Amino acid sequence: MSMDRRKFLKITGLSLAGLTIQPAFRLFSKPEQKRWAMVINLNACSKKDGCRDCIDACHRLHNVPDLANPKDEVKWIWNAPFERVFGGQGYTTLNEVLKNRSVLVLCNHCENPPCVKVCPTKATWKREDGIVMMDYHRCIGCRYCMAACPYGARSFNWKDPRPSINEINMDFPTRMKGVVEKCNFCEERLAKNLLPACVEACKEKGLIFGDLNATDSDVRKILKSKFSILRKPHLGTEPKVYYIL
Amino acid sequence: MHDTVKVITGITIFLILILFPLWYNGLTGKAAYVPELKVPVTEKQCVESTPYMKTRHMELLDKWKEVAVRQGVRTYVAKDGKIHTIGLTGTCIKCHSDKEGFCDKCHNYAGVKPHCWDCHNYPRVTAK
Ligand code: SF4
Ligand code: SF4
């Protein structure tokens, strides 16, 4: 193939002009998509032993039933032993204080949520802002999502939850027997520019919430200054709940 | 044939029996029964016009649940330009607070059993 000087310059010029497309596109497209994330600072969290402020705030707001039998239990956010949360991740030689701690857990709103992949009705899906949502209208109770979630973040309603809710919050629906439920990152509060209820309820400021895409957000700032770990990062789910030990 | 009378009598009795619901309801005036609904007094007009709401409220609610949960759209612009917050308890039940006297009455009459109330709250639930 032969190419004269003129043709070569033309093609080069065109290729260079192509480079301007992306910046121009970005200039006219909508602002950066939000990517909600949470940081749990265990140093702050474990200050007051036995504190349940965040859990109570969430469960009260979202009409999560209080079922005594652990087999029927429904939970959106709860405390679990360190071993159960980070076990099998090579932290066996960690100091005793840490190992005996209980760790706050909730749905990780994974970037690659396995629960979403298996749902046959699209009752659970990932929103554009990264929140892994539940549409209780569509849930058929097959519990595939519960089997797929590596973090046990989901609960099933074996019974009608209503009789076990102490005081029903009229502004949030309850669930019914036969559906799966979990944390929704308080999407109904985010829509009103409010922080999640658990974050707001924590007096120790142990929970930090914000937009991962915004460089000046609280989560970005703390993640930049402190070392954080994730739950089961080797699975590739990319959790958006970070832990500072 | 000699059985004409018997056959005709038989057919007549059969027709009377099978058409029982029609003539019974007609004679007793039950066919004309329309459930009397307890309409709220606080507002004159629902989200859309009454005839629209009467026949198509289920379609509207179906659309509401779809856009609110799946697209995060929380407001609805009515045909008259008014903006309403999407929500069964917060918006519908705010005015139609007597669910038994309004929703249930018509649903029972029409023989439909919507599942809305399995999860969505209405005043009776809190009162227990
Ligand atoms: S933590 Fe579990 S339920 Fe939450 S998004 Fe990840 S896989 Fe799904
Ligand atoms: S983010 Fe909201 S729904 Fe999730 S655990 Fe916290 S309070 Fe509960």
Side-chain angles (χ1 to χ4, degrees), chain A residues 30 33-34 36 60-65 74 116 119 121-141 157 159-182 184-194, chain B residues 38 40 42-43 46-47 56-77 82-104 107-108 112-128:
Chain A
K30 57 180 178 176
Q33 186 52 253
K34 286 209 183 342
W36 297 116
R60 221 180 295 128
L61 179 70
H62 297 117
N63 291 324
V64 178
V74 175
V116 167
C119 179
T121 62
K122 286 216 169 92
T124 190
W125 79 101
K126 197 176 93 184
R127 304 198 327 179
E128 279 183 13
D129 58 6
I131 294 183
V132 176
M133 263 289 272
M134 274 290 299
D135 181 349
Y136 301 111
H137 301 110
R138 279 206 199 180
C139 178
I140 54 168
N157 284 282
K159 305 181 162 163
D160 175 15
R162 272 187 178 161
S164 310
I165 302 170
N166 295 331
E167 200 183 321
I168 287 180
N169 167 21
M170 287 285 281
D171 298 329
F172 201 83
T174 68
R175 267 69 58 198
M176 62 184 285
K177 182 179 168 177
V179 302
V180 171
E181 61 179 89
K182 67 164 195 77
N184 64 353
F185 253 10
C186 283
E187 63 88 28
E188 83 281 7
R189 287 173 60 90
L190 296 177
K192 293 187 202 150
N193 274 326
L194 296 169
Chain B
K38 287 219 184 106
T42 45
E43 291 281 336
C46 197
V47 168
R56 320 221 1 215
H57 66 280
M58 54 305 244
E59 289 170 31
L60 183 80
L61 291 176
D62 200 41
K63 198 163 91 192
W64 274 21
K65 94 171 180 202
E66 203 71 14
V67 295
V69 181
R70 303 197 76 91
Q71 284 148 40
V73 177
R74 318 250 161 195
T75 47
Y76 171 77
V77 185
K82 266 198 196 148
I83 296 171
H84 301 271
T85 307
I86 290 182
L88 195 55
T89 305
T91 300
C92 308
I93 291 300
K94 197 181 85 204
C95 298
H96 295 282
S97 50
D98 188 353
K99 173 182 160 283
E100 277 89 6
F102 187 77
C103 316
D104 293 356
H107 288 156
N108 290 342
V112 288
K113 293 193 188 90
H115 293 297
C116 316
W117 313 107
D118 288 348
C119 299
H120 288 275
N121 303 310
Y122 58 97
R124 261 276 305 278
V125 178
T126 19
K128 262 196 218 155

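Per chain, numbering begins at 1; letters A, B, ... match sequence-line order. These figures come from a predicted structure and were not determined experimentally.
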Here the gap from A:E128 atom CD to B:Q71 atom CD, rounded to the nearest 0.5 Å, amounts to 10.5 Å
Between the NE2 atom in A:H137 and the CD atom in B:E66, the distance rounded to the nearest 0.5 Å is 9.0 Å
Distance col, row B:N121:CG vs A:F172:CZ, nearest 0.5 angstrom, shows 10.0 Å
If one checks every heavy atom of A:D160 against chain B at 4.5 Å, the contacting part turns out to be neither
Taken in chain and number order and not counting sequence neighbours, the residues that satisfy salt bridge (Lys or Arg N to Asp or Glu O under 4.0 Å) with A:R60 are none
Should we say atom NZ of A:K159 is surrounded by more than 12 heavy atoms from elsewhere, each under 6.0 Å from it? no
Of the listed A:E188, A:M133, A:E187, the one with the largest count of heavy-atom pairs under 4.5 Å with chain B is A:E187
In terms of heavy-atom contacts, B:R74 and A:A191 come closest through NE-CB, 3.8 Å
B:D104 meets the salt bridge (Lys or Arg N to Asp or Glu O under 4.0 Å) criterion, sequence neighbours left out, with B:K99
Are side-chain heavy atoms of B:R70 and A:K122 found at a separation under 4.5 Å? yes
Between the CG atom in B:D118 and the NZ atom in A:K177, the distance rounded to the nearest 0.5 Å is 11.5 Å
